[in-house]
Amino acid sequence: MSRNLEALELWRGALVASVRAASPDLSARQLALLLTVYMTPPPHTVRGLAATLNVSKPAITRALDRLGRLGFTKRKRDAEDRRNVLVQRTVKGSVFLHEFGQMVIDAGAVQGALDGSRVAAPRPAATPVAPPSASEPVSAPV
């Protein structure tokens, strides 16, 4: 199987596991946004996230509305520049991504067992998914 198909099968396995686990059903945009907030250093603004993902600010706002309702992110006005809205991590979002990451690992292990080989481990991200820092306010898990 080509590496592209192996990667897609790994992703499919992780998504199927997520659906079976009754995890929140996030769109690709919402998941990309969530991963960007958690895996790149803060601060994150709506404007900055829109530029990073190359989508409109209203699209980011809609995705953040959903992630906020789930308790995965929260928004706060920037005290230094009240025009900016900061997007912050939450403990609940960290837990969700930790569990989703485990589903990806498990899908890789299953795929490796099915094809009789080990799937190459992905390169680690520049910044691992970690709980928010002590200097970053968080909302309590719901």
Side-chain angles (χ1 to χ4, degrees), residues 1-115 118-142:
M1 184 182 309
S2 76
R3 288 186 54 82
N4 288 350
L5 289 178
E6 286 178 10
L8 290 173
E9 183 57 29
L10 176 63
W11 187 243
R12 187 193 68 79
L15 291 177
V16 167
S18 177
V19 169
R20 288 179 179 161
S23 295
D25 189 16
L26 300 182
S27 70
R29 178 175 290 158
Q30 292 164 349
L31 189 54
L33 178 58
L34 188 63
L35 287 166
T36 299
V37 168
Y38 279 82
M39 298 183 75
T40 61
H44 299 288
T45 62
V46 172
R47 180 181 298 129
L49 291 165
T52 297
L53 296 175
N54 196 29
V55 296
S56 69
K57 288 187 285 184
I60 294 296
T61 298
R62 285 189 301 273
L64 287 172
D65 287 345
R66 169 86 165 118
L67 295 173
R69 283 191 304 272
L70 292 168
F72 293 168
T73 61
K74 70 180 220 172
R75 287 179 272 193
K76 180 181 174 188
R77 282 272 173 209
D78 185 349
E80 294 178 19
D81 184 348
R82 305 279 304 154
R83 295 172 296 176
N84 285 332
V85 174
L86 299 175
V87 179
Q88 298 178 323
R89 303 166 181 165
T90 65
V91 172
K92 188 173 181 182
S94 292
V95 169
F96 171 80
L97 284 178
H98 177 79
E99 291 170 354
F100 190 82
Q102 187 60 52
M103 287 182 228
V104 173
I105 291 168
D106 294 346
V110 168
Q111 179 60 28
L114 290 175
D115 68 14
R118 292 181 54 105
V119 174
R123 292 183 181 176
T127 306
V129 175
S133 66
S135 63
E136 184 178 357
V138 297
S139 59
V142 176

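Note: hydrogens, waters and symmetry copies are ignored here, and every other heavy atom, side chains too, is used.
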Handout entry: Inter- and intrachain pairs under salt bridge (charged side-chain N to carboxylate O under 4.0 Å, His left out), touching residues 10-32, at least two apart
Key =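 Salt bridge (charged side-chain N to carboxylate O under 4.0 Å, His left out) check on residues 10-32 returns Glu9-Arg12.
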Handout entry: Approximate separation, where rounding is to 0.5 Å, of Leu49 CG and Thr36 OG1
Key =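 So the CG of Leu49 and the OG1 of Thr36 are separated by 7.0 Å.
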Handout entry: Spatial distance of atom CG (Leu15) from atom CG (Leu31) [nearest 0.5 Å]
Key =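 So the gap between those two atoms works out to 8.0 Å.
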Problem - Qualifying residues under side-chain contact (heavy atoms from CB on, under 4.5 Å), relative to Ala17, sequence neighbours excluded - result: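 Once residues adjacent in sequence are excluded, the partners of Ala17 under the side-chain contact (heavy atoms from CB on, under 4.5 Å) criterion are Met103.
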Practice task
Tell me, please, which residues at least two apart from Leu86 pass side-chain contact (heavy atoms from CB on, under 4.5 Å).
Solution key: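 Applying side-chain contact (heavy atoms from CB on, under 4.5 Å) to Leu86 gives Pro43, Thr45, Asp78.
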Exercise for the section: Hey, could you give me each pair passing ring pair (Phe, Tyr, Trp, His ring centres under 6.0 Å) that has a residue in residues 52-82? Not counting sequence neighbours. Expected result: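 Ring pair (Phe, Tyr, Trp, His ring centres under 6.0 Å) check on residues 52-82 returns Phe72-Phe96.
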Exercise for the section: Compare all side-chain heavy atoms of Leu26 with those of Leu67 and state whether any distance is below 4.5 angstrom. Expected result: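 Leu26 reaches Leu67 side chain to side chain.
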Where the side chain of [X] meets the backbone of [Y], is there a donor-acceptor pair that is under 3.5 Å apart?
| X | Y | result |
| --- | --- | --- |
| Thr61 | Lys57 | yes |
| Thr90 | Gly71 | yes |
| Arg82 | Arg77 | no |

Handout entry: Listed partners of Arg83 passing side chain to side chain donor-acceptor pair (under 3.5 Å), at least two apart
Key =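 Only Asp81 meet the side chain to side chain donor-acceptor pair (under 3.5 Å) criterion with Arg83.
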Handout entry: All side chain to side chain donor-acceptor pair (under 3.5 Å) counterparts of Gln102, not counting sequence neighbours
Key =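 Gln102 satisfies side chain to side chain donor-acceptor pair (under 3.5 Å) with Asp106 once adjacent residues are dropped.
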Problem - Counterpart residues, salt bridge (Lys or Arg N to Asp or Glu O under 4.0 Å), relative to Arg75 (two or more places apart) - result: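 Partners of Arg75 under the salt bridge (Lys or Arg N to Asp or Glu O under 4.0 Å) test: Asp65.
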Exercise for the section: Run through Thr52, Val46, Val85, Val87 and flag the one making a side chain to side chain contact (heavy atoms under 4.5 Å, CB included) with Ile60. Expected result: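 Testing each of Thr52, Val46, Val85, Val87 against Ile60, the sole residue satisfying side chain to side chain contact (heavy atoms under 4.5 Å, CB included) is Val46.
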